[in-house]
Amino acid sequence: MNKRALLLVDLQNDFCAGGSLAVPEGDSTIEVANAMIARCKARGALVVASKDWHLANHGSFASVQGTMPYTRGELDGYPQTWWPDHCVQNTAGAEFHPLLNSKEIDAVFHKGENLLIDSYSAFYDNGHRQKTNLDAWLKERGITDLIVLGLATDYCVKFTVLDALELGYEVTVITDGCRGVNINPQDSLMAFQDMSVAGATLITLADFSCR
Ligand code: VGL
Ligand code: ZN
């Protein structure tokens, strides 16, 4: 029997309107997330969430590197986009969006705590060196299928979905529950394509309701 969990990726203030790394229309993911939380809970599914969780001097911050935000370079041998300071541990920007029904979340998994490497995926850092507890937590509970939505499509959603597929989960992405940074205008579209080619099923909230 397949057992499903809903995975909410980085639905934090800094990625929403007024946040330091605001994703265009990022807030619009929140009502999709709340609808999915209600549906999944009604079917007895678990709900988990990731949080980007950096120290104030994280190596991905342009301010730390003396570079311009949204330009690119290399961090510890990996290509790296330099970001505005965001999701600093225990700041308002790192909190869940206030309208997110976060009391329904069964477990939260933090990532990005290592100063020297970025961590887009909720499962691993960008070098696949260290694993979060997410995979073990899900497998302990017999979860085989993941339904994923969140921020941002072209970074944390994409790499979370690709790792989930590699780890053997069946993955469904709720596309209207995702929004991208789109440094290049096509980035989100290309990210959805990458997820689909790797084996993810892409559907909308409306599609999900009639399954
Ligand atoms: C993210 C850029 C930097 C994300 C996190 O959640 O997609 N993007 N850190
Ligand atoms: Zn980050």
Side-chain angles (χ1 to χ4, degrees), residues 7-30 32-33 48-65 67-76 78-97 100 102 105 108-127 129-130 132 134 146 148-164 173-175 177-184 186-192 194-195 200:
L7 170 54
L8 308 169
V9 178
D10 300 2
L11 293 176
Q12 293 163 274
N13 286 324
D14 270 340
F15 299 122
C16 294
S20 63
L21 211 171
V23 173
E25 301 176 355
D27 297 60
S28 67
T29 59
I30 303 300
V32 177
V48 298
S50 63
K51 268 191 174 181
D52 211 28
W53 197 245
H54 298 304
L55 292 165
N57 57 340
H58 192 260
S60 72
F61 293 175
S63 64
V64 169
Q65 303 291 344
T67 52
M68 290 292 292
Y70 303 105
T71 62
R72 291 168 59 83
E74 225 178 69
L75 184 61
D76 207 16
Y78 296 93
Q80 176 69 48
T81 301
W82 308 121
W83 302 110
D85 295 11
H86 65 278
C87 297
V88 173
Q89 297 178 10
N90 303 306
T91 64
E95 286 172 18
F96 288 126
H97 189 287
L100 180 67
S102 53
I105 296 171
V108 179
F109 297 86
H110 296 89
K111 63 187 179 64
E113 291 163 286
N114 183 342
L115 290 177
L116 302 176
I117 191 161
D118 214 348
S119 199
Y120 295 145
S121 163
F123 291 100
Y124 296 97
D125 62 56
N126 289 4
R129 291 183 201 148
Q130 284 189 330
T132 67
L134 175 58
L146 288 178
V148 182
L149 63 82
L151 299 167
T153 310
D154 36 0
Y155 295 92
C156 292
V157 172
K158 171 180 155 176
F159 288 101
T160 295
V161 165
L162 296 180
D163 281 344
V173 182
I174 308 296
T175 53
C178 303
R179 289 292 186 284
V181 182
N182 287 333
I183 294 176
N184 299 303
Q186 304 291 313
D187 284 353
S188 288
L189 208 63
M190 280 163 47
F192 280 133
D194 293 344
M195 292 183 244

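When a ligand or atom number is given, it counts from 1 through the structure's own listing order.
- The N/O atoms of D52, backbone and side chain alike, include one that comes under 3.5 Å of an N/O atom in ligand 1.
- Within the structure, the closest approach of Q12 to ligand 1 does not fall below 4.0 Å when heavy atoms are considered.
- The NE2 atom of H86 and the OD2 atom of D52 meet at the Zn ion (ligand 2) at an angle of about 90°, given to 10°.
- For the pairing with F15, the side chain to side chain contact (heavy atoms under 4.5 Å, CB included) check across T29, V23, D27 returns one residue only, V23.
- In this structure, the side chain of Q65 engages the main chain of G59 through a donor-acceptor pair within 3.5 Å.
- Residue-ligand proximity, Y155 to ligand 1, at heavy-atom distances under 4.0 Å covers atoms 7 (O), 8 (N).
- Here the shortest heavy-atom distance to atom 3 (C) of ligand 1, taken over K111, H86, Q80, belongs to H86.
- Between H54 and F61, the ring planes are perpendicular. Angles over 60° get that label, and only those under 30° would be called parallel.
- Ring pair W83/Y155 is perpendicular by interplanar angle, where above 60° counts as perpendicular and below 30° as parallel.
- Residue contacts to the Zn ion (ligand 2): H54 brings an N, O or S atom closer than 2.8 Å.
- A side-chain donor-acceptor contact under 3.5 Å links H58 to the backbone of I117.
- Residue F15 has no N or O atom closer than 3.5 Å to an N or O atom of ligand 1.
- Note that CG of N13 is 13.0 Å distant from CG of L21, once rounded to the nearest 0.5 Å.
- Between the side chain of D10 and the backbone N or O of A152 there is no donor-acceptor pair closer than 3.5 Å.
- The part of L151 lying near ligand 1 is the backbone, judged by heavy-atom distances below 4.0 Å.
- For ligand 1, the atoms closer than 4.0 angstrom to any heavy atom of C156 are 1 (C), 4 (C), 5 (C), 6 (O), 7 (O).
- Close N/O approach between D10 and ligand 1 is found [any backbone or side-chain N/O within under 3.5 Å].
- Among the atoms of A152, some N or O lies under 3.5 angstrom from an N or O of ligand 1.
- Between K111 and D52 there is a salt bridge, since a side-chain N of the basic residue sits under 4.0 Å from a carboxylate O of the acidic one.
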